[in-house]
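This structure is a prediction, so every number in the text was calculated from the model and none was measured. Within every chain, numbering begins at 1; the chains are lettered A, B, ... in the order of the sequence lines, protein sequences first and strands thereafter. Every heavy atom of this structure was used, including side-chain atoms; hydrogens, water molecules and symmetry mates were not.
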There are 2 protein chains.
Amino acid sequence: MGATYHQFCPVAKAMELFDERWTLLVVRELVLGSKRFNDLRRGLPRMSPSLLSKRLHQLSAAGVVERRTVGDEVHYTLTDAGLELRSVVEALGSWGARWIGTLGDSDLDPRLLMWDMHRRVDTSAVPVGRTVVKFRIRDVQQRAGDWWLVLDGHDVDICDVDPGFDVSLTVSATLRGLTEIWSGDMSWHEALRAEVLGISGPESLRRGFPGWFVLPRTSDVRRALPGRPSISSADS
Amino acid sequence: MGATYHQFCPVAKAMELFDERWTLLVVRELVLGSKRFNDLRRGLPRMSPSLLSKRLHQLSAAGVVERRTVGDEVHYTLTDAGLELRSVVEALGSWGARWIGTLGDSDLDPRLLMWDMHRRVDTSAVPVGRTVVKFRIRDVQQRAGDWWLVLDGHDVDICDVDPGFDVSLTVSATLRGLTEIWSGDMSWHEALRAEVLGISGPESLRRGFPGWFVLPRTSDVRRALPGRPSISSADS
DNA sequence: CGGTATCCCCGTCGATACTG
DNA sequence: CAGTATCGACGGGGATACCG
């Protein structure tokens, strides 16, 4: 499959596996906890199912991934070798967060963003009972810009069609703004002040809302570049 | 050049650069200290010069590498962003050392091995004056199996043709054996006992010889796999 | 030494459809 | 849900030659 470098160096041997497109992103998804084929797909929207299938086979052959049937579900999990790739993924993520400049428009994807947000909800921080957050991504055309996050106990669902529940809170944002919050380039508070973000609903929910999410680890990485421009605030 | 993943994730953005074949190995060479085009080539024997050139351009465009003319020499050096890739290279190298099993025959390369050994000589450990070590890789055909390591002060040269100096020490080894020593799968001592290595010459030199080299960092990594089989010694 | 230029092949990947 | 099948293009990259 992957071509060999004909080198004994362990970096080269490792890269024989990981220099293939998508491979390390599949690992990233598994590190983040996705186990099922279609969940992996949601985290890798542009990847074709056949290629995902192929990569899972390769990773399995390499001893990184294990495929198991659990009840009537198929689970892909990391082996011990795979778990130790977390350090590689984190090193790359930290480097990327520090050194990659402003994202291009084509890197912004509401589906992927909402999928990532939905899986990083801290359910213990959300009020008891059902809470429904409607997201409106202002600058994305109707269909793709409306999302409903349904929180209920430990269940977190993200829908791109109206599930029909009463909406507890409505969040409006630009795609870039919400992505920059999520990336750690801007705080929720800064975004509100800059009006790339708006939250409407009962004050207690509005205040609590930012705390319902655990930002990705890379959001904490100190930026080396002037980087993805945060709101250059004259005050504060 | 490299295709985009259309993802805002910093891992994905980083991999847009590094999922291309050879790219991270070029970075590895720079991390190891090579600066000049033809030195880089020596550490990447199977890479075509045009591709190396292209990769250097790409890395330069990405802000990882800087090309400078120093006197009449051209130097490629890592920028601050590039220097921080050391953590990525080391994470990959450690993972590879732990989890990659036995090397295939096609991963063994005397040229690359001798090049790597030559640049990890601890000149302070070598006797003063000129010392010439002749290596004979037993199982490699004449031409490719004979190497001369010329040590003189801080100068270290490796030759694949007889430079004509008196030989101070002769080392004979199998290609796999010497590679395994270098990889940390076997100690010099074990190799001597197993007779995959032989050293002939004055005893003081013979005894000192192993200490003239600083093994790669990954040689210290604890193996997770039964792995590249070390000599299974009944005794110890 | 420090690269470019060229050429062409073949494999990868993307897209889409389809199946149990 | 969990994949496989098929198919075509496109361009990456290997090899080699060549240049200042």
### Task
Respond yes when some side-chain nitrogen or oxygen of W22(B) is under 4.0 Å from OP1 or OP2 of dG14(D), and no when none is.
yes

### Summary
Rounded to whole Å, CG of D72(B) lies from P of dC1(C) at a distance of 12 Å

### Query
What's the CG-P distance between D19(B) and dC13(C), to the nearest Å?
8 Å

### Side chain S53(A) and base dA2(D) donor-acceptor under 3.5 Å
no

### Message
Can you tell me if Y76(A) touches the phosphate of dC1(D), counting only side-chain N or O atoms and a distance under 4.0 Å to OP1 or OP2?
### Response
no

### Separation of dT12(C) P from E16(A) CD (nearest whole Å)
13 Å

### Task
Kindly indicate, with the supporting measurements, whether the criterion side chain to side chain contact (heavy atoms under 4.5 Å, CB included) is fulfilled by S34(A) and R119(A).
CA-CA 9 Å; S34(A) 287; R119(A) 67 176 162 191; 3.5 Å; yes

### Query
Which residues satisfy the ring-ring contact (aromatic ring centres under 6.0 Å, His included) test with F37(B), sequence neighbours excluded?
none

## Note on the structure
Taken to the nearest whole Å, NE2/H6(B) to P/dG14(C) is 9 Å

### Query
Between dC13(C) and R55(A), is there an OP1 or OP2 to side-chain N/O distance shorter than 4.0 Å?
yes

### Task
Whole angstrom is fine here: how far is it from CG in L52(B) over to P in dG12(D)?
17 Å

### Task
Look at the rings of F135(A) and F209(A) and say which category their plane angle falls in: under 30° parallel, 30 to 60° tilted, over 60° perpendicular.
tilted

### Query
OP1 or OP2 of dG11(D) sitting under 4.0 Å from any side-chain N/O of R21(A)?
no

### Task
Check whether any side-chain N or O of R36(B) sits under 4.0 Å from OP1 or OP2 of dG2(C), and answer yes or no.
yes

### Task
Whole angstrom is fine here: how far is it from CG in L51(B) over to C1' in dG13(D)?
6 Å

### Task
Could you tell me whether the phosphate oxygens of dG3(D), OP1 or OP2, come under 4.0 Å of any side-chain nitrogen or oxygen in H57(A)?
no

### Message
Less than 4.0 angstrom between a side-chain N/O of K54(B) and OP1 or OP2 of dG12(D), yes or no?
### Response
yes

### Task
Tell me, please, which residues at least two apart from Y76(A) pass ring-ring contact (aromatic ring centres under 6.0 Å, His included).
none

### Query
Between S219(B) and P216(B), is there a donor-acceptor pair closer than 3.5 Å when you use the side chain of the first and the backbone of the second?
yes

### Message
Output the rounded distance in Å from CG (L56(B)) to P (dG13(D)).
### Response
14 Å

### Task
Could you state the atom-to-atom distance from CZ of R41(B) to P of dG2(C) in whole Å?
12 Å

### Query
Does N38(B) or S48(B) map to a spot on DNA chain C nearer the 5' end, using the closest nucleotide for each?
N38(B)

### Task
Could you tell me whether R68(A) contacts a base, only the sugar-phosphate backbone, or nothing, with contacts defined as non-hydrogen atoms closer than 4.0 Å?
nothing

### Minimum-distance nucleotide (side-chain atoms of S50(B) versus dG2(C), dC13(C), dT16(D))
dT16(D)

